[in-house]
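The structure appears right after this line, and notes come after that.
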Amino acid sequence: MPHDFLDNMFGLGGQVAVVIGGTGVLGGSLAVGLAQAGATVVVAGRDFDRGQECCRVILDLGGKAEYLPVDATERASVESLLGATLAEFGQVDMLINCAGVNSAEPYFEISDETFERVLATNLVATHLGCQIFGRHMSVQAGGGSILNIGSVSADVPLSRVFAYSASKAAVVNLTRNVARELAKNNVRVNVLCPGFFPAEQNRKVLTVERVEAILAHTPQARFGDPHELVGAALLLLSRAAGSFITGAELYVDGGFTAMSI
Ligand SMILES: NC(=O)c1ccc[n+]([C@@H]2O[C@H](COP(=O)([O-])OP(=O)(O)OC[C@H]3O[C@@H](n4cnc5c(N)ncnc54)[C@H](O)[C@@H]3O)[C@@H](O)[C@H]2O)c1
């Protein structure tokens with residue numbers, strides 16, 4: 001039996017991945033996972049220290065990584081990120097749109113500013129990443145692969161997180177539509193929908209009562225660990241294993257969305 005079967009299937013050697021929001025808990029874990037699978041990783045975000053920290057982890061593991069700054073909500077900034085990546089590495093084969101913010105309040109208390117900030121970071125930024133990187137991937141030999149990050153709240157709205165749930169539902173819809181549009185250009189676009197993984201953006205949202213409710217509604221009765229997203233991301237991003245997967249929505253949620261009563 002050939003020993004390189006898994007590497008041929010899921011390996012990312014010789015490819016360059018950009019992880020926007022690689023400065024965060026889930027994005028950082030995905031960045032490390034892609035690097036372990038052989039990709040050169042651009043850890044992109046607006047938190048220099050966290051970006052450097054993530055790169056250090058990758059370099060210590062023998063991988064290749066560099067931090068590049070980006071404000072994911074600003075077109076010019078995302079265009080600069082693409083330009084800087086190409087200048088540094090000459091190619092970009094994969095993009096993960098993993099920047100995100102959350103906000104929890106009763107419906108009548110949501111300010112316009114909050115609603116717009118959540119939509120700008122979760123939805124508009126995902127669109128900018130898809131459009132700007134997708135355009136480049138559409139004309140390069142070999143195409144490319146984009147992974148957006150949804151949420152279980154894209155499927156079942158979560159109380160108190162109105163703007164967040166709406167933004168994630170829109171991310172799933174946008175993913176399918178862009179996947180349809182870019183398929184002819186050899187660019188695949190998929191969305192990974194995590195369940196509950198304690199991180200910065202949901203620290204305030206996870207109150208004691210809410211944690212109890214979440215765990216009671218999760219068949220596996222626990223939170224996810226960020227490294228548990230890596231396998232699913234590799235499946236969707238990899239050229240061989242994921243070659244016929246586009247427009248797909250993959251839930252990694254301990255059964256949360258499978259549960260009724
Ligand atoms: N943690 C969970 O349980 C969970 C569940 C479902 C979906 N998600 C999604 O996963 C993604 C990552 O979230 P996380 O949980 O790792 O949170 P996190 O707060 O640890 O990471 C989010 C990152 O996005 C960055 N960011 C925010 N606005 C940005 C901007 N304008 N430009 C560049 N970077 C920006 C932040 O600096 C941070 O590093 C988000 O889209 C989130 O909605 C998380």
Side-chain angles (χ1 to χ4, degrees), residues 19-31 43-51 54 69-75 77-78 81 96-131 147-175 191-218 222-226 229 249 251-254 256-257 259:
V19 183
I20 297 180
T23 45
V25 173
L26 300 191
S29 181
L30 289 169
V43 177
R46 53 181 191 182
D47 185 334
F48 176 85
D49 291 341
R50 293 290 300 272
C54 181
V70 70
D71 180 341
T73 64
E74 294 291 333
R75 175 172 291 277
S77 183
V78 180
L81 173 64
I96 303 185
N97 282 310
C98 200
V101 290
N102 204 342
S103 179
E105 54 269 293
Y107 187 60
F108 290 130
E109 290 175 23
I110 307 170
S111 68
D112 291 349
E113 188 274 334
T114 295
F115 205 90
E116 281 160 18
R117 183 175 55 88
V118 173
L119 258 71
T121 313
N122 298 354
L123 174 60
V124 178
T126 298
H127 155 63
L128 290 175
C130 285
Q131 195 186 48
L147 184 59
N148 295 330
I149 305 296
S151 158
V152 289
S153 66
D155 182 47
V156 279
L158 296 178
S159 60
R160 294 181 68 84
V161 292
F162 296 90
Y164 183 84
S165 297
S167 72
K168 293 300 188 179
V171 164
V172 169
N173 187 288
L174 180 74
T175 300
V191 58
L192 184 61
C193 293
F196 294 87
F197 296 72
E200 271 313 300
Q201 53 80 18
N202 58 12
R203 199 163 34 88
K204 288 193 199 127
V205 178
L206 293 174
T207 59
V208 174
E209 309 81 69
R210 208 160 169 88
V211 166
E212 274 174 18
I214 289 166
L215 296 183
H217 195 88
T218 302
R222 64 172 175 85
F223 286 114
D225 185 289
L229 292 175
E249 199 181 328
Y251 285 82
V252 179
D253 64 358
F256 186 88
T257 45
M259 175 101 158

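Predicted, not measured: the structure shown is a model, and the values here were computed from it. The figures here come from the full heavy-atom set of this structure, side chains too, leaving out hydrogens, waters and symmetry mates.
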Distance in Å, M259 CE paired with D253 CG, rounded so as to fall on 0.5 Å steps: 11.5 Å
Within-4.5 Å side-chain heavy-atom neighbours: V78 and V70: yes
Gap between atom OH of Y251 and atom OG1 of T257 - 0.5 Å precision: 6.0 Å
Euclidean distance, D225 CG relative to L26 CG, rounded to 0.5 Å: 10.0 Å
Separation of I149 CD1 from I20 CD1 (nearest 0.5 Å): 11.5 Å
Within-4.5 Å side-chain heavy-atom neighbours: L229 and S29: no
Residues V43, V19; criterion side-chain contact (heavy atoms from CB on, under 4.5 Å); working and verdict: CA-CA 5 Å; V43 177; V19 183; 5.8 Å; no
Chi angles and distances behind the side-chain contact (heavy atoms from CB on, under 4.5 Å) call for E249, T175: CA-CA 9 Å; E249 199 181 328; T175 300; over 6 Å; no
Side-chain heavy-atom pair E74, R46 within 4.5 angstrom cut-off: no
Spacing of CZ belonging to F197 relative to CG belonging to L206, to within rounding of 0.5 Å: 12.0 Å
Reported CD1-to-OG distance for the pair I110 and S103, which is rounded to 0.5 angstrom: 7.5 Å
Candidate pair N148 and N97, rule side-chain contact (heavy atoms from CB on, under 4.5 Å), full reasoning: CA-CA 5 Å; N148 295 330; N97 282 310; 2.8 Å; yes
Short side-chain donor-acceptor distance under 3.5 Å, N122 and S167: yes
Any side-chain heavy-atom pair of T218 and F223 under 4.5 Å: no
Intermediate values then yes/no, side-chain contact (heavy atoms from CB on, under 4.5 Å), E116 and V124: CA-CA 10 Å; E116 281 160 18; V124 178; over 6 Å; no
Please set out all donor-acceptor pairs under 3.5 angstrom arising from side-chain atoms of residues 153-162, sequence neighbours excluded.
from	atom 1	to	atom 2	distance (Å)
S153	OG	S151	OG	2.9
S159	OG	R210	NH1	3.1

Nearest non-hydrogen partners of V152 and C193, listed with the distance: N-CB, 4.4 Å
R203 side chain near N102 side chain, heavy-atom distance below 4.5 Å: no
Distance-minimising heavy-atom pair for V191 and G150: CG2-N, 3.4 Å
Main-chain N/O of R117 paired to T121 side chain as donor or acceptor, under 3.5 Å: yes
